[in-house]
Colleague: 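Structure provided below as structure tokens; questions to follow.
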Amino acid sequence: MNRVRDDPRATPAPTNLAFHILVALCTGPAHGYAIGKDVDEQSGGRLDPTTGTLYQALHRLKEEGLIASVEPPERSDERRKYFQLTERGRRAAKAEARRLDRLVRTARKRKLYSQRA
Amino acid sequence: MLRLYGWLIRLSPGAVRREYGAAMEETFARRWNDARATGFWTSVRMCGRESVGMIGWLLSERCAAPARLRWQRQHMQPGVKAGRMDAVAREVRHAARRLVRSRAFTLAAVLTLALALGANAAIFTVVYLVVLNPLPYAHSDRLIALDYGLPNKP
């Protein structure tokens, strides 16, 4: 069972929102509001998940073992829940970033857009 | 609005409420403050989106998640075979039973839908009368325009 969990091939490609959340958590633990804001900014406003959608995605990522809850820092609002990337989540995010990078390079090579555009 | 959102969270399943309820309320409160600072219509839009998103999640957690679990359990057991329509009918029956059992949730969902449909109908009526502005004659849809032209030059 653990072997299946640790195998990166066993992890399906994260959805667009899930990948944005993983990228938002790359720099360290964050709470729901900060994650939502980062997702909104990084997607240029195209992804603006509602609170329900955001926590649903966080719940799924946690169940899949890609993120984990951590203790909030001192003097923070006690209602806040902090999340951080797990090693598995970091690997999944890295794999997806590489895949997208390859895709973008192919698009550029096929003259979909120029470097300067 | 904060209170309404709190009620919606209280309708969510116990495990989800215990784990994320307080955090969701806090996140929603901060987003609500941001939206209010931006403007009236932004906050109205946010209210609609958040309510629909929350009800969608509640429905998914209350109905779809247990059904998904059962489906997985059933399909993992060898020798258990059922027709596709049997499975759909069973899921529909189960969803109906759950809705009857959790009456507060069903009432909230039905009321929200009723309010949304009513508001939609009212807004459409106003838009129809104000923007589309039908002609002020009885049976205006039966009015026609007559014109004439030369037979060889249509």
Side-chain angles (χ1 to χ4, degrees), chain A residues 1 4-5 10 12 15-18 20-21 24-25 29-84 86, chain B residues 1-35 37-38 42-66 68-69 72 76 105 108-109 112:
Chain A
M1 187 70 185
V4 173
R5 265 178 79 97
T15 61
N16 201 8
L17 174 60
H20 274 78
I21 291 174
L25 290 173
H31 52 81
Y33 174 75
I35 296 170
K37 228 171 157 54
D38 194 86
V39 168
D40 185 27
E41 279 168 19
Q42 295 307 321
S43 66
R46 287 176 70 185
L47 279 180
D48 182 16
T50 62
T51 310
T53 312
L54 179 69
Y55 277 89
Q56 196 175 5
L58 288 167
H59 180 56
R60 285 219 180 117
L61 286 171
K62 201 176 154 197
E63 276 189 339
E64 287 168 9
L66 300 179
I67 63 172
S69 301
V70 284
E71 284 297 312
E74 279 179 29
R75 284 186 296 172
S76 108
D77 189 327
E78 59 183 21
R79 292 177 301 170
R80 279 185 194 165
K81 207 164 176 64
Y82 279 74
F83 300 91
Q84 75 173 14
T86 59
Chain B
M1 188 58 205
L2 293 177
R3 198 175 289 173
L4 173 72
Y5 199 76
W7 285 341
L8 284 175
I9 288 175
R10 261 169 236 131
L11 291 174
S12 58
V16 175
R17 190 175 61 238
R18 272 193 298 276
E19 191 160 2
Y20 302 109
M24 284 176 76
E25 273 189 62
E26 194 266 342
T27 303
F28 178 78
R30 291 186 70 180
R31 288 178 145 198
W32 174 239
N33 285 339
D34 290 352
T38 313
T42 314
S43 35
V44 169
R45 198 174 134 257
M46 185 219 170
C47 277
R49 284 187 70 235
E50 289 283 354
S51 307
V52 170
M54 192 64 201
I55 289 168
W57 189 29
L58 292 181
L59 283 172
S60 134
E61 284 296 321
R62 289 255 177 202
C63 305
R68 199 166 51 229
L69 260 178
Q72 283 168 353
M76 281 164 74
F105 168 74
T112 310

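First the proteins, then the strands, lettered A, B, ... as listed; each starts at 1.
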Colleague: Look at the rings of H59(A) and Y20(B) and say which category their plane angle falls in: under 30° parallel, 30 to 60° tilted, over 60° perpendicular.
Modeller: perpendicular

Colleague: Measuring from atom CG of N33(B) to atom OH of Y33(A), what distance do you get when rounded to the nearest 0.5 angstrom?
Modeller: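 If we round to the nearest 0.5 Å, N33(B):CG and Y33(A):OH are 8.5 Å apart.
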
Colleague: Return the CZ to NE2 distance between R30(B) and H31(A), rounded to the nearest 0.5 Å.
Modeller: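 R30(B) atom CZ to H31(A) atom NE2 measures 5.0 Å (nearest 0.5 Å).
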
Colleague: Rounded to the nearest 0.5 Å, how far does CE of M24(B) lie from NZ of K81(A)?
Modeller: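 If I round to the nearest 0.5 Å, the distance is 12.5 Å.
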
Colleague: Please tell me if the side chains of M54(B) and T51(A) come closer than 4.5 Å, counting only heavy atoms from C-beta onward.
Modeller: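 No; the side chains remain at least 4.5 Å from each other.
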
Colleague: With rounding to the nearest 0.5 angstrom, report the OG1 to CZ distance, T53(A) to R49(B).
Modeller: 7.5 Å

